[in-house]
Amino acid sequence: MTADFIAWNSQSTQYEKAFATFLAHTDQKRKAHDYLRQVVSGLPRRRVLLDAGAGSGETTGRLAGRFERTIAVEPNPDLRKRLARRLPQAEIHAAEIMDVRPGSKADLVLCAHVLYYIPLDQWPAHLRQLASWKTSSGVCVIALQNPDSDCMRMLQHFGGPRFDPRSALDDRFTRLVELTTVPAHVRTPDLPAAVEIAAFMLGLAPLPAPPHRSQVEDYVQANFSVAGGYGFTCTQDFLHIG
């Protein structure tokens, strides 16, 4: 892939830089943390938190203090080092979700913005695995961008898949599921930052033909221009399996 192409692999330096630009121009993370704090407050027990795909532990760390124990799953070694520094008391599993056998059930099983990196045909098995880790009174929460957000519409426009975890649920889960949608936005005054954020979003899935920078610039200008800069939605869905 040359510099003319704009979709970057999630392990690349360019992707990490674009992710930082995204975080600097969005309210998505703050709104997710606010929502998850409400979820935690509503739990009947708060003994164990299990974060599947904990990354560097930013979200995990904001919730861990409300629980007696924290279990974190993170296969990426670089992220896992940062996670261990941030949460030295956590039980950390250096494995993929399907290979983990946690020793305890959790009152909250969280899997936030991870399923993008898992092939769609493997989603049903992953959802069953995640749900199996919760206690009988606990909840499993899957967070993804809403498939109809501006960012996900752009991904689909350039050949990416439609990410909707509800389509992966089998019959035994259907009656146990609730979905909460939490609006979130990106706002930036300049085109380079908007395009960099678009690149981050386009890196969420392998694209059959990654677009050239000029194509993404044209898309951003045509669809995301607002007074004073660029604005687009990155609304989140929180799927609860009870």
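Arg153 has its side chain out of reach of Pro147: every pair of non-hydrogen atoms, C-beta onward, lies at least 4.5 Å apart. The closest side-chain heavy-atom distance from Thr181 to Phe238 is not below 4.5 Å. Two residues are said to be in side-chain contact when any heavy atoms from C-beta on lie closer than 4.5 Å; Leu108 and Val40 meet this criterion. No side-chain heavy atom of Val48 sits under 4.5 Å from any side-chain heavy atom of Lys105. At least one side-chain heavy atom of Leu204 sits less than 4.5 Å from a side-chain heavy atom of Met152. With contacts defined as side-chain heavy-atom distances shorter than 4.5 Å, the pair Lys17/Glu196 qualifies. With a 4.5 Å cut-off on side-chain heavy atoms, Thr70 and Thr60 count as touching. The side-chain heavy atoms of Val139 and Leu43, taken from C-beta on, include a pair separated by under 4.5 Å.
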His185 and Phe232: CA distance, side-chain angles, deciding distance, ring pair (Phe, Tyr, Trp, His ring centres under 6.0 Å) verdict: CA-CA 6 Å; His185 300 82; Phe232 41 104; 9.8 Å; no

Would Glu68 and Leu49 count as a side chain to side chain contact (heavy atoms under 4.5 Å, CB included) if you check the C-alpha gap in whole Å, the side-chain angles of each, and the deciding distance to 0.1 Å? CA-CA 8 Å; Glu68 296 173 16; Leu49 163 68; over 6 Å; no

Please evaluate residues Val182 and Thr235 with respect to the criterion side chain to side chain contact (heavy atoms under 4.5 Å, CB included), reporting the C-alpha separation (whole Å), side-chain torsions for both, the decisive distance (0.1 Å), and the verdict. CA-CA 6 Å; Val182 179; Thr235 294; 5.9 Å; no

Kindly indicate, with the supporting measurements, whether the criterion side chain to side chain contact (heavy atoms under 4.5 Å, CB included) is fulfilled by Thr233 and Asp148. CA-CA 9 Å; Thr233 61; Asp148 294 316; over 6 Å; no

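A salt bridge links Arg45 and Asp107; the closest N-O separation between the charged side-chain nitrogens and carboxylate oxygens is under 4.0 Å. Checked for salt-bridge contact, Glu91 and Arg69 meet the test: a charged N lies under 4.0 Å from a carboxylate O. Ion pairing between Lys31 and Asp34 fails under the 4.0 Å rule for side-chain N and carboxylate O. Between Arg82 and Asp78 there is no salt bridge, since no side-chain nitrogen of the basic residue lies less than 4.0 Å from a carboxylate oxygen of the acidic one. Between Arg86 and Glu58 there is no salt bridge, since no side-chain nitrogen of the basic residue lies less than 4.0 Å from a carboxylate oxygen of the acidic one.
Nearest heavy atom pair, residue Ala194 against residue Val220, reads CB-CG1, 3.8 Å. Residues Glu96 and Pro75 share a closest heavy-atom pair of OE2-CB, 3.8 Å. Nearest heavy atoms, Ala95 versus Val73: O-CG1, 3.3 Å. When every heavy atom of Val226 is checked against every heavy atom of Gly231, the shortest pair comes out as CG2-N, 3.5 Å. For the pair Ala198 and Val216, the tightest heavy-atom approach, listed with the atom from each and the gap, is CB-CG1, 3.7 Å. The two residues Ala193 and Thr188 have their closest heavy-atom pair at CB-OG1, 3.3 Å.
Within a 6.0 Å sphere centred on CZ of Arg47, heavy atoms belonging to other residues, nucleotides or ligands number 12 at most.
In this structure, the separation between CZ on Phe200 and SG on Cys151 is 9.0 Å, given to the nearest 0.5 Å. Note that CG of Leu110 is 13.0 Å distant from CD1 of Ile71, once rounded to the nearest 0.5 Å. The distance from atom CG of Asp237 to atom CZ of Phe163, rounded to the nearest 0.5 Å, is 13.5 Å. For the atom pair Ser56 OG and Arg80 CZ, the distance stands at 13.5 Å (nearest 0.5 Å). Note that CD1 of Ile197 and SG of Cys234 are 8.5 Å apart. Values are rounded to the nearest 0.5 Å. Once rounded to the nearest 0.5 Å, the distance linking SG of Cys111 with CG of Leu144 reads 7.5 Å.
Side-chain N or O atoms of Asn76 include one that pairs as donor or acceptor with a backbone N or O of Leu79 at under 3.5 Å. With hydrogens and angles disregarded, a donor-acceptor distance shorter than 3.5 Å links the side chain of Asn223 to the backbone of Tyr219. Proximity of a side-chain donor or acceptor of His126 to a complementary backbone N or O of Gln122 within less than 3.5 Å is detected. Checking side-chain atoms of Gln129 against main-chain N and O of Ile97 turns up a donor-acceptor pair under 3.5 Å. Remark: the backbone N or O of Gln28 is paired with a side-chain donor or acceptor of Thr26 at under 3.5 angstrom. Between the side chain of Lys134 and the backbone N or O of Ile241 there is no donor-acceptor pair closer than 3.5 Å. Formation of a donor-acceptor pair under 3.5 Å by the Ser149 side chain with backbone atoms of Asn146 is found in this model. No donor-acceptor distance shorter than 3.5 angstrom exists from the side chain of Gln215 to the backbone of Pro211, with no hydrogens or angles considered. The closest donor-acceptor contact from the side chain of Trp123 to the backbone of Ile118 lies under 3.5 Å.
Between Phe224 and Tyr230, the distance from one ring center to the other does not fall under 6.0 angstrom.
Residues Val109 and Phe67 do not share a hydrophobic cluster, clusters being chains of Ile/Leu/Val/Met/Phe/Trp/Tyr side chains in contact below 4.5 Å. Residues Leu120 and Leu207 are members of one and the same hydrophobic cluster, defined by side-chain heavy-atom contacts under 4.5 angstrom among Ile, Leu, Val, Met, Phe, Trp and Tyr. Cluster annotation: Leu179 is connected to Leu115 through the hydrophobic network of ILVMFWY side chains, with a link wherever side-chain heavy atoms come within less than 4.5 Å. Put simply, Leu130 and Tyr117 are part of the same group of oily side chains (I, L, V, M, F, W, Y) that touch within less than 4.5 Å, one to the next. Under the 4.5 Å side-chain heavy-atom criterion for grouping Ile, Leu, Val, Met, Phe, Trp and Tyr, Leu36 is not connected to Leu23 through any hydrophobic cluster.
The residue from Gln236, Gln145, Lys29 that alone fulfils the side chain to side chain donor-acceptor pair (under 3.5 Å) condition with His113 is Gln236.
The aromatic rings of Tyr35 and His240 lie perpendicular to each other, with more than 60° between the two planes, well past the 30° mark.
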